[in-house]
Amino acid sequence: MSKKIQAVRGMNDLLPKNSSLWLEVETRISAIFNSFGYKKISTPLVEKTQVFQQAIGAASDIISKEMYSWQEANGESLSLRPEGTAGVVRAMIEHNLPRDGVQKVFYQGPMFRHERPQQGRYRQFHQIGAEVFGAENAKIDAELVAITHNLWTDLGLKNLTLEINTLGSNADRQSYKAILVDYFSKHKSELDENNLRRLEQNPLRILDSKNKSLQGLIAAAPKLTEHLDDASKQHFEDFKAYLECLKIPYKINPHLVRGLDYYSRTVFEWTTDELGAQAAICAGGRYDGLVEKMGGSPTAAVGFAIGLERLILLLQAQNISLESPVLSIYLVAFGEPAQRKSMQITQKLRRALPTAILYNDVSLGSFKAQFKKADKAGADFALILGEEEISNNQISLKPLKNQGSQQTMSLEKAINYLENL
Ligand code: HAM
C-alpha cells in the first residue's frame, strides 16, 4: 500500500458532521445582509500580487511574509488572496460601480495566509465580509457594527467585546507617526527585534505589540486621539453617538491600529477571551483613501470581515447548537419492483414535504439491515415498501423514535399524516 497523503498543514477539511453548522451560520449571515440591502459579490481567489501590495502595504506582515505568490510563465506575479477587501476594491474600480451610487456588498470564501498554524489560526481560513462604497458619514460605520451585533444576538453568542478606535486622516497619521518615532527612539534599548523593525517601517504597529515587557512603555506613549483634526474628531464622536443610540456597548482601545495599512478614521474589532490568543472574531474599519490609491476616483469606503473558523469555535465553546428539528423519513424497500416504486414515491414525497429529509435506501440489504440504517440516520419514520404493500398499492408507516405501531395505508393518507405532524 502506498503512503497516505495528508492535507497541507493549516488547511482543513470541512467534514460532513460539521458542515450543517457552517451552512446554518452562512445562511443566517446572508439573511441579515439581505435584510440590510447588501448584495453578494464574488471575486477570484487569485489576483495580481500588485493588488494586495498596493492595498495592504508592502511593509505589513501579510505582504512581507504571509502571501502565497508565484510567477507565471510571462513573469507576472500572482497571489492567493490573503483577505477580501483588496479584490473587491479592484472589482469596484474595474466595473465603475461606485459611479452608480452607494454600493453595499458582501462576500464569503477562503483566504490564504502563510501563518504559523494554531487553534483559531490557519493557512486557509474563511471570511464573510461586507464593504460599503460611497458613504462618508459615520452612520454607515455604525450600521456595519449593527449588522454584526444583530448576528451575535441571532446566534445566541455572549460575552463579545466591541473595541473601537480612530486612526484619523492620512495627515493626522503622518504627523502622529513622527511623534511616535521620536518617543520610541528614546526607548530603543527596550524594544525587541520585531519592534525595532516596526519603528523603521510602521511605528503604529508597535502599539499593537503583544510583548508583555513593552506594555508599560506602550501605555505611556502619546495617543493618536490627542492629535486628530476636527473632521476626524467629529467623525469619531458621531460614530460613538450612533452606537449609543443603537445601545451597543463599546470600549475605546487607543492601541487598536490593525495590521493592514489601508485604514483611516474608524477601526473596530469584536473580541472574545474564550479563544486564547486568537481573540478577534471580526474586524474592520474605514479606508477612505484606498479606491483612489488603486486607480479609482476618490470614494469613501468602510467594511469588516468575520473569521468563520473562529466564529464556529466560539459557538462550540459556548455550547450553542443551531440545529432545528427537521422531519426525517427513511424509505425501506424490499424486492426489485419495490426498489423501482420507491424512486417514484420519493419524488412525490419531496414535492409534498419540501423541508423534510428523505433517505431512499441504497444498500438494498435485508429489511433488518435497512431498519438499522434508518436508526443510524436518526430518521423519525420508516416508510416501508414490501411485496405485500406493492401488491395492495399501499405503504406502511412506522414511527422510529416515538411509541406507536406500524400502520398500512395509501400513499396519499401517509403524506397527509406526515404533512400535519
Ligand atoms: P483581518 O483582521 O486581517 O481583516 O481579518 C479579519 C478576521 O479574519 C479576523 O478578525 C479573524 O477572525 C479572521 N482571520 C484572520 N486571519 C486568520 C487566520 N490566519 N486564521 C483564521 N482566521 C483568521 C481583514 O481581513 C480585512 N479585510 C477586514 C476588512 C474588511 N476591513 C475592511 N473591510
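Start at 1 and go down the list; that is how both ligands and their atoms are numbered. Just so you know, these numbers come straight off a predicted model, no measurement behind them. Positions are given from 1, in the same order as the sequence printed here.
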Check the orientation of H126 and W22. Use parallel for under 30°, tilted for 30 to 60°, and perpendicular for over 60°. perpendicular
Determine the interplanar angle of the Y183 and H187 rings, folded into 0 to 90°, and report it as parallel if under 30°, tilted if 30 to 60°, perpendicular if over 60°. tilted
Answer with yes or no whether the side chains of [Y] and [X] bring together a donor and an acceptor at under 3.5 Å.
X    : Y    : answer
T271 : E163 : yes
Q278 : Y122 : no
D141 : H235 : yes
T85  : E131 : yes
N202 : R205 : no

Does K139 count as lying over the ring of F239, i.e. NZ or CZ under 6.0 Å from the six-ring centre, within 45 degrees of the axis? no
Take every heavy atom of [X], measure it against each atom of ligand 1, and state whether any distance is under 4.0 Å.
X    : result
G10  : no
R113 : yes
W270 : no
C282 : yes

Does L260 approach ligand 1 within less than 4.0 angstrom via side chain, backbone, both or neither, non-hydrogen atoms only? side chain
Below 4.0 Å, non-hydrogen atoms only: which portion of E269 touches ligand 1? Side chain, backbone, both or neither. neither
How far is [atom] from its nearest protein heavy atom, and which residue and atom is that?
atom                    : answer
atom 5 (O) of ligand 1  : Q127 NE2, 3.2 Å
atom 33 (N) of ligand 1 : E131 OE1, 2.8 Å
atom 26 (C) of ligand 1 : Y262 OH, 3.3 Å
atom 29 (C) of ligand 1 : Y263 OH, 3.4 Å
atom 12 (O) of ligand 1 : A280 O, 2.9 Å
atom 21 (C) of ligand 1 : G120 O, 3.3 Å
atom 13 (C) of ligand 1 : G307 CA, 3.6 Å
atom 20 (N) of ligand 1 : Y122 N, 3.0 Å

For F367 and F334, what are the C-alpha separation, side-chain angles and deciding distance, and is it a ring-ring contact (aromatic ring centres under 6.0 Å, His included)? CA-CA 7 Å; F367 265 135; F334 196 70; 5.1 Å; yes
Close N or O approach (G84, ligand 1; < 3.5 Å): no
Could you tell me, atom by atom, which parts of ligand 1 come under 4.0 Å of a heavy atom of [X]?
X    : result
R121 : 19 (N), 20 (N)
G284 : 31 (N)
I281 : 10 (O), 12 (O)
E115 : 16 (N), 18 (C), 19 (N)

Nearest 0.5 angstrom please: S69 OG to H114 NE2, how far? 11.0 Å
Atom CG of D238 and atom OG1 of T266: how far apart are they, to the nearest 0.5 Å? 9.5 Å
Considering R258, Q119, E83 one by one, which has a heavy atom nearer to atom 1 (P) of ligand 1 than any of the others? R258
So between F125, F304, Y287, whose heavy atom ends up nearest atom 18 (C) of ligand 1? F125
Is there a side-chain contact (heavy atoms from CB on, under 4.5 Å) between F268 and N165 once you walk through the steps? CA-CA 6 Å; F268 65 89; N165 192 22; over 6 Å; no
Do other residues, nucleotides or ligands put more than 12 heavy atoms under 6.0 Å from E115 CD? yes
